[in-house]
Amino acid sequence: MNKELIRNTNFRIAQEDHSTSDFIADDIILSDKLTSLAFTGQPRRMTFILVALCTEGSAQFTIDTQRHDVQKNDIIIISDRHVIDNYVASNDANGLAMMLSVNFFYEVVNDVRDVSLLFLFSRNHPVVSLNEDEVQTFKDYFFFLKKKIAETNNHYRRDLVRTLVLTMFYDLSNVIYRVQQIENKRQTRADAIFTQFIKLVEDNYKHERRVSWYAEQMCITPKYLSETVKSVSKNTPNEWIDKYVTLEARVLLKTSTMTIKEISDELHFANQSFLGRFFKEHVGMSPSAYRKQ
């Protein structure tokens with residue numbers, strides 16, 4: 001029997017709907033029919049980055065078991081690894097969707113550290129309301145990108161699309177600055193360290209939880225890493241690592257048929273009892289109680 005009920009989204013399958021989508025293979029897909037995205041049914045783990053605008057109607061869904069509601073003029077930003085489930089939409093729901101492969105995204109934002117703040121923000125705020133000017137700006141980018149993607153005879157098509165996506169991300173980052181009510185300034189050294197740390201945690205939290213290990217990978221001292229992460233995010237490195245471990249445990253308990261022992265092994269706990277104590281400390285109940293809830 002399949003232990004893992006969470007299916008991965010499939011970037012290639014999403015290319016099959018030629019009537020509503022334009023794409024560059026393995027890089028980017030644009031769809032002007034949000035309803036064509038297949039998030040119904042069982043939970044799905046994102047294997048690409050989704051940026052979507054709701055243009056009509058409403059919808060609701062969970063991201064990593066947390067419910068989110070979407071209305072007209074809301075933008076949705078979901079990065080890879082997150083689990084989408086419980087998707088329900090009104091009959092008139094529609095929108096514009098852009099899907100980016102992870103490889104293409106990192107190629108787009110290479111050496112542009114401040115753009116990554118958009119995705120750091122989206123982890124806690126995946127749905128944000130736009131004003132009318134911001135909605136029109138997103139639509140302008142979307143349809144211009146569609147036009148350029150359709151120009152298959154343009155020798156520089158991919159470079160043009162990559163540049164346009166980067167420019168669009170800057171505008172989206174400006175939305176985040178508005179929401180956060182902070183000054184529009186370049187990323188500081190502290191912000192860059194925090195961003196690098198979060199990326200390392202995302203890739204390694206299942207098997208590495210020592211702050212000293214992360215500091216070593218970043219060529220800084222554990223004390224400097226701890227002070228910097230705390231000053232930027234108000235949370236310590238240990239708290240961030242524990243958040244990722246706790247979140248993955250929640251998701252696996254709610255959306256898979258893995259036993260608690262199997263989840264313990266997946267998250268590299270010494271045994272099931274260690275997982276139980278860790279989970280109760282951070283969630284307030286045992287893994288079995290959480291699963292039954």
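From a predicted model like this one, the values you see are computed outputs, not experimental measurements. We use all heavy atoms of the structure for the numbers below, so side chains are in, but hydrogens, waters and symmetry mates are not.
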### Value rounded to 0.5 Å, distance of NZ in Lys280 from OG in Ser288
9.5 Å
### Query
Looking only at heavy atoms, what is the nearest atom pair of Thr65 and Val251, with distance?
CG2-CA, 4.2 Å
### Query
From Leu130 CG over to Lys139 NZ, what is the distance, rounded to the nearest 0.5 angstrom?
10.5 Å
### Query
Side chains of Asn204 and Gln217: donor-acceptor distance under 3.5 Å anywhere?
no
### Query
Val88, Ile76: one ILVMFWY side-chain cluster at the under-4.5 Å cut-off?
no
### Message
side chain to side chain contact (heavy atoms under 4.5 Å, CB included) for Ile78 and Ile84? Distances and angles first, verdict last.
### Response
CA-CA 9 Å; Ile78 309 173; Ile84 310 300; 3.6 Å; yes
### Task
Quick one: do Asp265 and Gln272 satisfy side chain to side chain contact (heavy atoms under 4.5 Å, CB included)? Show the steps, please.
CA-CA 8 Å; Asp265 293 339; Gln272 183 175 329; over 6 Å; no
### Message
Contact between Val245 and Leu247 at the side-chain level, heavy atoms closer than 4.5 Å - yes or no?
### Response
no
### Task
Indicate yes or no: at least one non-hydrogen side-chain atom of Asp69 is less than 4.5 angstrom from one of Phe61.
no
### Query
Is the cationic atom of Arg162 (NZ for Lys, CZ for Arg) positioned less than 6.0 Å from the six-membered ring centroid of Phe105 and within 45 degrees of its normal?
no
### Task
Specify the closest pair of heavy atoms between Gly57 and Ser90, including all atoms of both residues, with the distance to one decimal.
CA-OG, 3.5 Å
#### Entry: Minimum side-chain heavy-atom gap Leu267-Phe278 below 4.5 Å
no
### Task
For Asn86 and Thr62, indicate whether the former's side chain and the latter's backbone hold a donor-acceptor pair under 3.5 Å.
no
### Message
In the structure I gave you, are the side-chain heavy atoms of Phe197 and Ile241 within less than 4.5 Å of one another anywhere?
### Response
yes
### Task
Please answer: with hydrophobic residues joined when any side-chain heavy atoms are less than 4.5 Å apart, are Tyr170 and Met98 in the same cluster?
yes
### Message
Determine whether a donor-acceptor pair (N or O, by modelled atom type, separation under 3.5 Å) exists between the side chain of Arg291 and the backbone of Leu253.
### Response
yes
#### Entry: Donor-acceptor under 3.5 Å (Ser79 side chain, Ile49 main chain)
no
### Task
Hey, could you give me the CD/CG distance between Glu56 and Leu53, rounded to the nearest 0.5 Å?
10.0 Å
### Query
Which distance, rounded to the nearest 0.5 Å, do you find between the CE of Met168 and the OG1 of Thr163?
13.0 Å
### Task
State, with a plain yes or no, whether a side-chain heavy atom of Asp85 is found less than 4.5 Å away from one of Arg44.
no
### Query
Do Lys243 and His282 touch side chain to side chain, with heavy atoms closer than 4.5 Å?
no
### Query
Any idea how Tyr244 and Tyr205 line up, ring-wise: parallel (<30°), tilted (30 to 60°), or perpendicular (>60°)?
tilted
### Message
Regarding Asp74 and Lys72, does a basic nitrogen lie under 4.0 Å from an acidic carboxylate oxygen?
### Response
no
### Query
Any side-chain donor-acceptor pair under 3.5 Å between Asp171 and Thr137?
no
#### Entry: Check against side chain to side chain donor-acceptor pair (under 3.5 Å), Asn73 and Glu134
CA-CA 9 Å; Asn73 292 348; Glu134 291 164 346; over 6 Å; no
### Summary
Between Pro287 and Ile260, the two heavy atoms sitting closest are CB-CD1, 3.9 Å
### Query
Is Val201 reachable from Tyr224 through a run of hydrophobic residues whose side-chain heavy atoms are each under 4.5 Å from the next?
yes
### Query
Hey, any chance Leu160 and Ile149 share a hydrophobic cluster, counting ILVMFWY side chains that come within less than 4.5 Å of each other, even indirectly?
no
### Intermediate values then yes/no, side chain to side chain contact (heavy atoms under 4.5 Å, CB included), Ile193 and Thr195
CA-CA 5 Å; Ile193 289 174; Thr195 300; over 6 Å; no
### Task
List the steps and the verdict of side chain to side chain contact (heavy atoms under 4.5 Å, CB included) for Phe269 and Ile263.
CA-CA 9 Å; Phe269 281 91; Ile263 293 173; over 6 Å; no
### Any Glu248 side-chain heavy atom under 4.5 Å of Lys206 side chain
yes
### Message
Keeping Ser231 on the side-chain end and Thr228 on the backbone end, is there a donor-acceptor pair under 3.5 Å?
### Response
yes
### Message
Assess, by modelled atom type and distance only, whether the side chains of Asn238 and Thr236 contain a donor and an acceptor separated by less than 3.5 Å.
### Response
no
#### Entry: Glu239 atom CD, over 12 foreign heavy atoms within 6.0 Å
yes
### Query
According to the interplanar angle, ranging from 0 to 90°, do the rings of His207 and Trp213 count as parallel (below 30°), tilted (30 to 60°) or perpendicular (above 60°)?
perpendicular
### Message
Can you tell me if Tyr156 has over 12 outside heavy atoms packed within less than 6.0 Å of its OH?
### Response
no
### Interatomic spacing from CZ in Phe138 to CG in Asp133 - rounded to 0.5 Å
15.5 Å
### Query
Would you call Asp27 and Arg158 a salt bridge, taking side-chain N to carboxylate O under 4.0 Å as the test?
yes
### Task
Determine yes or no for a side-chain-to-main-chain donor-acceptor pair under 3.5 angstrom, with Tyr214 supplying the side chain and Glu208 the backbone.
yes
### Message
Can you give me the closest heavy-atom contact between Trp240 and Val229, atom names plus distance?
### Response
CD1-CG1, 3.7 Å
### Query
Closest approach of Ile63 and His82, non-hydrogen atoms and distance?
CG2-CB, 3.9 Å
### Task
Would you check if Thr259 and Glu262 make a side-chain contact, meaning some heavy-atom pair closer than 4.5 Å?
yes
## Note on the structure
Between Ala89 and Tyr87, the two heavy atoms sitting closest are CB-OH, 3.6 Å
### Task
Give, for atom CG of Leu145 and atom CG of Leu30, the distance between the pair rounded to the nearest 0.5 Å.
5.5 Å
### Task
Taking only Lys NZ, Arg NE, NH1 and NH2, and the carboxylate oxygens of Asp or Glu, determine whether Lys148 and Glu151 approach each other closer than 4.0 Å.
yes
